[in-house]
Asks: 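Pasting a structure here, questions to come.
Being a predicted model, the structure only gives us computed values, none of them experimental. Residue numbers count from 1 along this sequence.
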Amino acid sequence: MQKRPIQRGRPTGATTFDAELAQAFGAAVRALRTERGIAQEMLANLANVERSHLGKIERGEHTPTLAIIFKIAGALECSTAVLMTRTEAQLTQGKVSE
């Protein structure tokens, strides 16, 4: 029996994008940002993230990396736990309203 070579990376066609989760996270970020009265461009500057990228995150078009989640939480002056709790609440609300 021959050993198969180890291939790095994801299998062809695999994806980690989850639209529902991305939209819930984006809604949580937008809600916290507006509660604090921060403009999207200001939050992007505070988090050191491109404004267009932040917009895509808020619209649920991109799933942020762990590093960007920490940057956004820091810019919003909250913990990542607060951000994740808000995301979970958005997911729950989405399932209730369906």
Side-chain angles (χ1 to χ4, degrees):
M1 182 186 216
Q2 290 186 347
K3 290 184 179 179
R4 293 186 349 181
I6 296 174
Q7 294 180 341
R8 298 203 158 179
R10 292 183 290 204
T12 304
T15 180
T16 58
F17 183 76
D18 181 331
E20 183 181 14
L21 183 58
Q23 290 169 353
F25 181 79
V29 170
R30 180 177 288 138
L32 282 166
R33 178 178 60 77
T34 55
E35 283 174 19
R36 287 164 168 71
I38 303 173
Q40 189 180 69
E41 187 168 357
M42 178 59 76
L43 179 60
N45 287 334
L46 291 170
N48 198 25
V49 174
E50 290 288 329
R51 191 215 47 82
S52 61
H53 190 147
L54 184 62
K56 290 175 183 178
I57 290 170
E58 284 191 2
R59 290 190 301 275
E61 296 171 2
H62 279 185
T63 303
T65 63
L66 184 58
I68 292 178
I69 291 171
F70 272 85
K71 287 180 177 184
I72 291 170
L76 289 169
E77 297 181 348
C78 70
S79 68
T80 55
V82 168
L83 205 45
M84 291 301 115
T85 299
R86 291 289 193 101
T87 301
E88 288 175 357
Q90 290 291 331
L91 284 170
T92 303
Q93 289 174 357
K95 289 181 180 174
V96 172
S97 63
E98 287 178 353

Asks: Show me the pairs that pass ring-ring contact (aromatic ring centres under 6.0 Å, His included) and involve residues 28-49, at least two apart or across chains.
Replies: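 The answer is none; no pair qualifies.
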Asks: Applying salt bridge (charged side-chain N to carboxylate O under 4.0 Å, His left out), name anything that partners R59, two or more places apart in sequence or on another chain.
Replies: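 Residues passing salt bridge (charged side-chain N to carboxylate O under 4.0 Å, His left out) with R59: E61.
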Asks: Show me the side-chain donor-acceptor pairs of residues 38-46 shorter than 3.5 Å, one per line, residues at least two apart or across chains.
Replies:
residue: Q40; atom: OE1; partner: R51; partner atom: NH1; Å: 3.2
residue: Q40; atom: NE2; partner: E58; partner atom: OE1; Å: 3.0
residue: N45; atom: ND2; partner: E41; partner atom: O; Å: 3.4

Asks: Once ring-ring contact (aromatic ring centres under 6.0 Å, His included) is applied, what residue pairs with a partner in residues 19-57 remain, sequence neighbours excluded?
Replies: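 Residue pairs passing ring-ring contact (aromatic ring centres under 6.0 Å, His included), neighbours aside: H53-H62.
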Asks: Give the table of side-chain donor-acceptor pairs shorter than 3.5 Å for residues 68-89, with sequence neighbours excluded, one pair per line with atom names and distance.
Replies:
residue: S79; atom: OG; partner: A81; partner atom: N; Å: 3.4
residue: S79; atom: OG; partner: V82; partner atom: N; Å: 3.1
residue: T85; atom: OG1; partner: A81; partner atom: O; Å: 2.8
residue: R86; atom: NH1; partner: E35; partner atom: OE2; Å: 3.0
residue: R86; atom: NH2; partner: E35; partner atom: OE1; Å: 2.9
residue: R86; atom: NH2; partner: E35; partner atom: OE2; Å: 3.3
residue: T87; atom: OG1; partner: L83; partner atom: O; Å: 2.9

Asks: Roughly how far, to the nearest 0.5 Å, is the CG atom of L91 from the CD atom of Q23?
Replies: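 Separation between the atoms: 10.0 Å.
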